[in-house]
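Here the structure is laid out as structure tokens; the discussion comes afterwards.
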Amino acid sequence: MMNKTKIKRLLLSDTPIASLQIRGWVRTRRDAKTFSFIEVNDGSCLSGIQVIAEDSLANYEEVRRLSTGSAVAVSGELRESPGKAQKWEILATRIHIYQFAPEDYPLQKKRHTDEFLRSIGHLRPRTNKYGGVFRIRSEAAHEIHRFFHERDFIYVHTPILTGSDCEGAGELFRATTLEPGDHKEADGKDPYAHDFFGQKTHLTVSGQLEAEMFALALGDVYTFGPTFRAENSNTRRHASEFWMVEPEMAFCDLAENMAFAEAFVRHMVAHVLTRCEEDVGLFARFVDKSLLDTLGNIVEKPFVRISYQAAVDILKKSTATFSYEISYGKDLQTEHERYLAETHFRQPVIVHDYPRQIKPFYMRVNDDEKTVAAMDVIVPGIGEIIGGSQREERADVLETRMAETGMDDSSYWWYMDSRRYGSVPHSGFGLGFERFLMLVTGVTNIRDVIPFPRTPGSIDF
RNA sequence: UCCCCAGUAGCUCAGUUGGCAGAGCAGGUGGCUGUUAACCACCGCGUCCGUGGUUCGAGUCCGCGCUGGGGAGCCA
């Protein structure tokens, strides 16, 4: 059996090839008098390759019936194409048909709406746009690991199942083997005593606290995996299951943290621009005309850095009208963040040093006692893509903060321990992987950068 | 969870003051052609989201529900 060749490799060839085989799916077929043009795509890249099927083929009558979506193996010769639109084509010597796609194949040779394609999520990766999204997703995921590995970060697999009652970020999904009725316990005892882990258990909302423990042992670490939020968020920027990249660095303060976050985002954008050029080109042409400008801007210009106080001052002075009042001590609203990144600065902005009362317990209290060493990276079009902070390393201050934010510190004894035995300044952040993908593709709905998205009321496929 | 918009052929949509359900694409047949979102001719294609109401008559107006989308909140 002849080995199959990926179309991606063939298109890069600088010489004809006498004999090869490709396997893929028919995108379109056009008939000429004595032969047929078949465009075959195998998913390895955006482009397909043009196959010339002459009427001398043994099964030419069948070949002429090949429809969009049909699966084939084509053996033949790679030769220069006399046509204008492509350099190479394959002159077929044999076409094996795995299966015809019948006429009710939902994907046509035309533009479909994203809404329709979501309803056929099992087929949409066969389209140009979604093939591109998921090739870019794969390339970016791979590069994240390479980026950290190159910088001597240790990759930590933090748990998906957690016993922490509250990790300080959002609503949690319950994980249980109990049946719904079993949760009632007549004698007033903890109903979860009989559950699988003997206590209330949830899906993780962040690997940060566990990552901190490893940073305080291994220096620089990161996690990259799924996280779950049971929030009833119905927006194009939220999903119930999404992936986060969370570096955590010992001996690192907020300024170093911000510098690292910026370097990370810029590296990733630059990498996608060069390594996924063809797919990014598709998005720049059909999805977001300003995509290349936006991404070039991110790669070339340093991010703006302003304190929360300065951001509030800018917003107060601005002539723009906001539906939410802006005042010191209140969190920035989406409209405020968008104004900063899209109207005022027109480039990514890092806002830092937020009021302590609007931020979680683990963020380090600054010397002014009023603010914490937090930072958010806001990018045009997406909003917040990174949230991070320097962590509170002082045990007594941390205890105060936990009390202040109404947390039960008994379940965090292990977290507190890390502040008793060789505690050091350390920092980290979380990058929403899907939001990054929205940024580099121009895709405006998070459901369209996740293979099988989970959102409130929707868990098909 | 709140506010707004939408749901008509396989897909994308039009459908006027309420009066016989339409087009393009896809599919089928034939023609033409080193074509490339091919082209030309002909053919078929409907639970007008569901439900109740108003009316001589509802795709169209009204109530309720379902689904999808956008915005907000929450957040990454």
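Keep in mind that the numbers below use all heavy atoms, side chains included, and drop hydrogens, waters and symmetry copies. Protein chains get the first letters and strands the later ones, always in sequence-line order, with residue 1 at the start of each.
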Base, sugar-phosphate, or nothing for [X], non-hydrogen atoms under 4.0 angstrom?
{"X": "A:Ser323", "result": "nothing"}
{"X": "A:Pro106", "result": "nothing"}
{"X": "A:Gln333", "result": "sugar-phosphate"}
{"X": "A:Tyr324", "result": "sugar-phosphate"}
{"X": "A:Ile446", "result": "base"}

Work out how far the [atom1] atom of [N] is from that of [M], and round it to whole angstrom.
{"N": "B:G71", "M": "B:G63", "atom1": "P", "answer": "26 Å"}
{"N": "B:G19", "M": "B:A58", "atom1": "P", "answer": "11 Å"}
{"N": "B:C48", "M": "B:G22", "atom1": "C1'", "answer": "12 Å"}
{"N": "B:C39", "M": "B:A21", "atom1": "P", "answer": "31 Å"}
{"N": "B:U8", "M": "B:G15", "atom1": "C1'", "answer": "9 Å"}
{"N": "B:U17", "M": "B:A9", "atom1": "P", "answer": "23 Å"}
{"N": "B:G7", "M": "B:C49", "atom1": "C1'", "answer": "6 Å"}
{"N": "B:G70", "M": "B:G28", "atom1": "C1'", "answer": "40 Å"}

Name the pairing partner of [N], where a pair is Watson-Crick or G-U wobble with both distances under 3.5 Å, or state none.
{"N": "B:U60", "result": "none"}
{"N": "B:A6", "result": "B:U67"}
{"N": "B:U33", "result": "none"}
{"N": "B:A72", "result": "B:U1"}

In whole Å, what is the span from the [atom1] atom of [X] to the [atom2] atom of [N]?
{"X": "A:Leu431", "N": "B:C75", "atom1": "CG", "atom2": "P", "value": "18 Å"}
{"X": "A:Arg435", "N": "B:C74", "atom1": "CZ", "atom2": "P", "value": "12 Å"}
{"X": "A:Leu46", "N": "B:A37", "atom1": "CG", "atom2": "P", "value": "14 Å"}
{"X": "A:Asp55", "N": "B:G34", "atom1": "CG", "atom2": "C1'", "value": "14 Å"}
{"X": "A:Ile49", "N": "B:G34", "atom1": "CD1", "atom2": "P", "value": "21 Å"}
{"X": "A:Glu171", "N": "B:G73", "atom1": "CD", "atom2": "C1'", "value": "13 Å"}
{"X": "A:Leu66", "N": "B:U35", "atom1": "CG", "atom2": "P", "value": "21 Å"}
{"X": "A:Leu117", "N": "B:G10", "atom1": "CG", "atom2": "P", "value": "17 Å"}

**Request:** Could you pick out which residue, A:Gln50 or A:Asp331, lies toward the 5' side of RNA chain B when each is mapped onto its nearest nucleotide?
**Result:** A:Gln50

**Request:** Using the closest heavy atom to pick a nucleotide of RNA chain B for each, name whichever of A:Thr444 or A:Gly387 lands nearer the 5' end.
**Result:**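 First, find each residue's nearest nucleotide; the 5'-ward one identifies A:Thr444.
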
Should the side chain of [X] and the base of [N] be counted as holding a donor-acceptor pair, with the cut-off at 3.5 Å?
{"X": "A:Glu89", "N": "B:G34", "value": "yes"}
{"X": "A:Ser233", "N": "B:C74", "value": "yes"}
{"X": "A:Arg237", "N": "B:G70", "value": "no"}
{"X": "A:Thr334", "N": "B:G73", "value": "no"}
{"X": "A:His112", "N": "B:C11", "value": "no"}

Exam field: side chain [X] to backbone [Y], donor-acceptor pair closer than 3.5 Å:
{"X": "A:Thr5", "Y": "A:Ile22", "value": "no"}
{"X": "A:His344", "Y": "A:Ala311", "value": "no"}
{"X": "A:Tyr308", "Y": "A:Thr371", "value": "no"}

**Request:** For the pair A:His267 and A:His271, name the ring-plane relationship: parallel under 30°, tilted 30 to 60°, perpendicular over 60°.
**Result:** parallel

Taking the six-membered ring for Trp and the full ring for Phe, Tyr or His, determine whether the centres of [X] and [Y] are under 6.0 Å apart.
{"X": "A:Phe228", "Y": "A:Phe242", "answer": "no"}
{"X": "A:Phe224", "Y": "A:His145", "answer": "yes"}
{"X": "A:Phe153", "Y": "A:Phe147", "answer": "no"}
{"X": "A:Phe35", "Y": "A:Phe37", "answer": "yes"}
{"X": "A:His149", "Y": "A:Tyr155", "answer": "no"}

Using atom names, set out every protein N or O paired with an N or O of nucleotides 66-69 of chain B below 3.5 Å, distance rounded to 0.1 Å.
from  : atom 1 : to       : atom 2 : distance (Å)
B:G69 : OP1    : A:Arg118 : NH1    : 2.9

**Request:** Establish, for the pair A:Arg401 and A:Tyr362, whether the NZ or CZ atom is under 6.0 angstrom from the six-membered ring centre and no further than 45 degrees off its axis.
**Result:**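 Cation-pi check for A:Arg401 and A:Tyr362: fails.
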
**Asked** Is a salt bridge present between A:Arg64 and A:Asp31, judged by a nitrogen-to-oxygen distance below 4.0 Å?
**Response**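 A:Asp31 and A:Arg64: salt-bridged.
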
**Asked** Is it true that A:Glu404 and A:Arg356 have a side-chain N and a carboxylate O under 4.0 angstrom from each other?
**Response** yes

**Asked** Are A:Arg118 and A:Asn445 close enough that some pair of their side-chain heavy atoms sits under 4.5 Å apart?
**Response**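 Counting from C-beta outward, A:Arg118 and A:Asn445 do come under 4.5 Å.
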
Close N or O pairs between protein and nucleotides 38-46 of chain B (under 3.5 Å):
from  : atom 1 : to      : atom 2 : distance (Å)
B:A38 : OP2    : A:Arg30 : NH1    : 3.2

**Asked** Less than 5.5 Å between centroids and less than 30° between ring planes, does A:Phe242 satisfy that with B:A76?
**Response** yes

If you only use heavy atoms from C-beta on, which nucleotide in [options] is closest to the side chain of [X]?
{"X": "A:Ile52", "options": "B:A72, B:G34, B:A76", "answer": "B:G34"}
{"X": "A:Thr235", "options": "B:U35, B:C74, B:C11", "answer": "B:C74"}
{"X": "A:Arg79", "options": "B:G34, B:A72, B:U12", "answer": "B:G34"}

